[in-house]
Amino acid sequence: METPNVGAVIQPARPDRIRLVSFPWNTVASGSLYRVEALLQCGGFDERLFVDEVDHEVLSRLISSGWEVKSLDTPTIDHRVGFPRKVRLLGREAWALGHSAERQRLRGYSTGLLLRRYLRRAPTIAIQLLLREALLGLKDVAAGDRSSARALVGGLARGAATGHPPAEAARRACPYCGGPLLGRFGAVADWRFGTGVAGDVYRCGTCGALAAGRVPSPDEVASWYADYYTHSVAPRGDRPWSRLWPTPRRRRELERLRWYFAHPGRQGRFLEVGTGSGERLVQFAEAGWTVVGQDLDPKAGHVARGRGITVHHCPVEQLVAQERPFDLIGLSHVLEHATDPVALLDACAALLAPGGRLCVVSPNADSFGRLVFGRWWYGLEQPRHLAIPTLESLARITSQLDLEPTYLASAATNGAVILGGSLDRVIDGRLANPRVLGGARFVMHSLGQAVGRGATLIDRRRGEEVVWVGRRRDAPGRTGSAAPRPAEPRIADTEVGAVAVAPS
């Protein structure tokens, strides 16, 4: 670019007969040329934004900074947008772009962020962008593509609701679905289990999972568990709010989660991944199961080892060559600690006997508590929680594993622990008397359970935990090592679920 004041040269603007958006928001961003000096002066590209909006927004800032943005008279590239289709809208002919629902969701998210940015300082631009997205959604509806229209509206709402838009995108993809990690916020370090420094947490623009912005080294991870609570010599007793919370329904739910939905009286081979102290292995062994534990923490499993139970301290993948197949594999609050949760579940699936089941319990990144408490949510447990899933995250994983999904639910069962722990931050360090502190915590955790249960009555996706069960398909001519398997649960609604199951 020979002209000193030209900051960018772009393709011709798209025709806009009704003038919803003005230059440069209606340009074709592909094939643009930028002056490096101009980009550096105006702050560079905003990595929070998706596809076209990245260029449109930086072009707008270039113009505001006094640089000229020059549009070519004729296009130099053959740029085709989506899979356009002719539609009739309000009696006029229009073109629906035919983008996928995923792209529409991310596009809506970017526009939502821009609405937050421009609503006060440039309301005309904000209104124009909102009208543009509304027109795109109407075109999708007219073309019969309601899923893309819903995705666009959902992304727009999520972006507009982002109170503090992230400073940048993460430099890694979502560990669950491979989508972009866009929404960054600084989490509060866990003050109870206390080592390590909380890093930035990002939200996936596709499945909604929360993930750390970087993958820590094995030595760094090991340092976080050097004094973990599961190292306690004495078995941990039930919390007061677990014993005294009166509802029979919660007691039933706790029992189902504690036994990984195993049918009463059933026996077989059981593997617990991330076994912690090993107390649950002892319970299964006393019920007649053949049990094996796994945990990367060398201090974990001391209760089980004291009973002569084998606990492996190696990655799950190494057990494939060491152990016979299992009829039940359980992961309770383990998946969120994994740097690669898909690889972990894939290794677990390889250890299942035909008809064997894999059960996962994890905090829910879409929970009511996460929405209310944000960076103070107890379920973040920074820095140890590296990848917190949503229902959609686990549904997407199911398609990658050779497993038949039998249960996918949001559970309010442990709202006392997760929501109550979030409320605990209000009183922590402010009450010196142990009895007063204990009573206040009981109130907080009881309140957390009640609020968590109420949230799921309004929206069943908002439970504090997600629960997923997958069953290995029976191979022809083969049988597992377990006793005859009762009928598997069917997909239906229950008291704990969003997309839950009830026993047949």
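All residue numbers in this chain count up from 1 along the given sequence.
Counting heavy atoms from C-beta outward, Trp377 and Pro363 have side chains that approach closer than 4.5 Å. Inter-residue side-chain proximity for Phe23 and Ile10 is flagged as met; some heavy-atom pair is nearer than 4.5 Å. Using a 4.5 Å cut-off on side-chain heavy atoms (C-beta onward), Trp25 and Leu129 make contact. Side chains of Gln11 and Thr27 form no contact here, defined as non-hydrogen atoms less than 4.5 Å apart.
Between Trp468 and the options Ile397, Thr406, Leu391, Leu358, a side chain to side chain contact (heavy atoms under 4.5 Å, CB included) holds for only Leu358. With Leu130 as the partner, the side chain to side chain contact (heavy atoms under 4.5 Å, CB included) test is satisfied by one option alone out of Leu115, Ile125, Thr111, Leu119: Leu115.
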Could you go through Gln318 and His312, starting from their C-alpha distance and side-chain angles, then the distance that decides it, and tell me whether this counts as side chain to side chain donor-acceptor pair (under 3.5 Å)?
CA-CA 10 Å; Gln318 295 183 17; His312 296 280; over 6 Å; no

Evaluate Leu210 against Tyr202 for side-chain contact (heavy atoms from CB on, under 4.5 Å), listing each step before the verdict.
CA-CA 6 Å; Leu210 297 176; Tyr202 293 79; over 6 Å; no

Before giving the answer on side-chain contact (heavy atoms from CB on, under 4.5 Å), spell out for Ile418 and Glu465 the whole-Å C-alpha distance, their side-chain angles and the decisive distance to 0.1 Å.
CA-CA 9 Å; Ile418 303 177; Glu465 293 175 306; 4.0 Å; yes

Yes or no on salt bridge (Lys or Arg N to Asp or Glu O under 4.0 Å) for Glu133 and Arg107, after CA distance, side-chain angles and deciding distance?
CA-CA 9 Å; Glu133 298 307 300; Arg107 176 183 180 129; 3.4 Å; yes

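Geometrically, Arg116 does not engage Tyr118 in a cation-pi contact defined by less than 6.0 Å to the ring centre and at most 45° from the axis.
Residues meeting the salt bridge (Lys or Arg N to Asp or Glu O under 4.0 Å) test with Glu102, sequence neighbours left out: Arg105, Arg396. Partners of Thr390 under the side chain to side chain donor-acceptor pair (under 3.5 Å) rule, at least two apart in sequence or in another chain, are Ser393. Under the rule for a salt bridge (Lys or Arg N to Asp or Glu O under 4.0 Å), the partners of Glu57 that lie at least two apart in sequence or sit in another chain are Arg61, Arg117. Partners of Arg150 according to the salt bridge (Lys or Arg N to Asp or Glu O under 4.0 Å) rule, which considers only residues two or more places apart in sequence or in another chain, do not exist here. By the salt bridge (Lys or Arg N to Asp or Glu O under 4.0 Å) test, Asp402 pairs with Arg473, sequence neighbours left out.
For the residue pair Asn364/Glu464, the side-chain donor-acceptor check at 3.5 Å is not satisfied.
The line from CG of Leu106 to OG of Ser100 is 8.5 Å long, rounded to the nearest 0.5 Å. How far CD of Gln400 is from OH of Tyr176: 12.0 Å, rounded to the nearest 0.5 Å. We find the CZ-CG distance between Phe373 and Leu423 to be 4.0 Å, quoted to the nearest 0.5 Å.
Side-chain rings of Tyr407 and Phe261 approach one another, their centers coming within less than 6.0 Å.
Between Arg375 and Asp200 there is no salt bridge, since no side-chain N of the basic residue sits under 4.0 Å from a carboxylate O of the acidic one. Between Arg384 and Glu336 no salt bridge is recorded (no basic side-chain N to carboxylate O distance below 4.0 Å). With respect to Glu220 and Arg214, a salt bridge is recorded, a charged nitrogen being found less than 4.0 Å from a carboxylate O. Between Asp459 and Arg461 there is a salt bridge, with a side-chain nitrogen of the basic residue lying less than 4.0 Å from a carboxylate oxygen of the acidic one. Glu53 and Arg132 are joined by a salt bridge, as a carboxylate oxygen and a charged side-chain nitrogen come within less than 4.0 angstrom of each other.
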Just distance, no hydrogens or angles: give the donor-acceptor pairs under 3.5 Å from side chains in residues 135-146, sequence neighbours left out.
{"from": "Asp140", "atom 1": "OD2", "to": "Gln104", "atom 2": "NE2", "distance (Å)": "2.8"}
{"from": "Asp145", "atom 1": "OD1", "to": "Ser147", "atom 2": "OG", "distance (Å)": "3.1"}
{"from": "Asp145", "atom 1": "OD1", "to": "Ser148", "atom 2": "N", "distance (Å)": "3.4"}
{"from": "Asp145", "atom 1": "OD1", "to": "Ser148", "atom 2": "OG", "distance (Å)": "3.4"}
{"from": "Asp145", "atom 1": "OD2", "to": "Ser148", "atom 2": "OG", "distance (Å)": "2.8"}

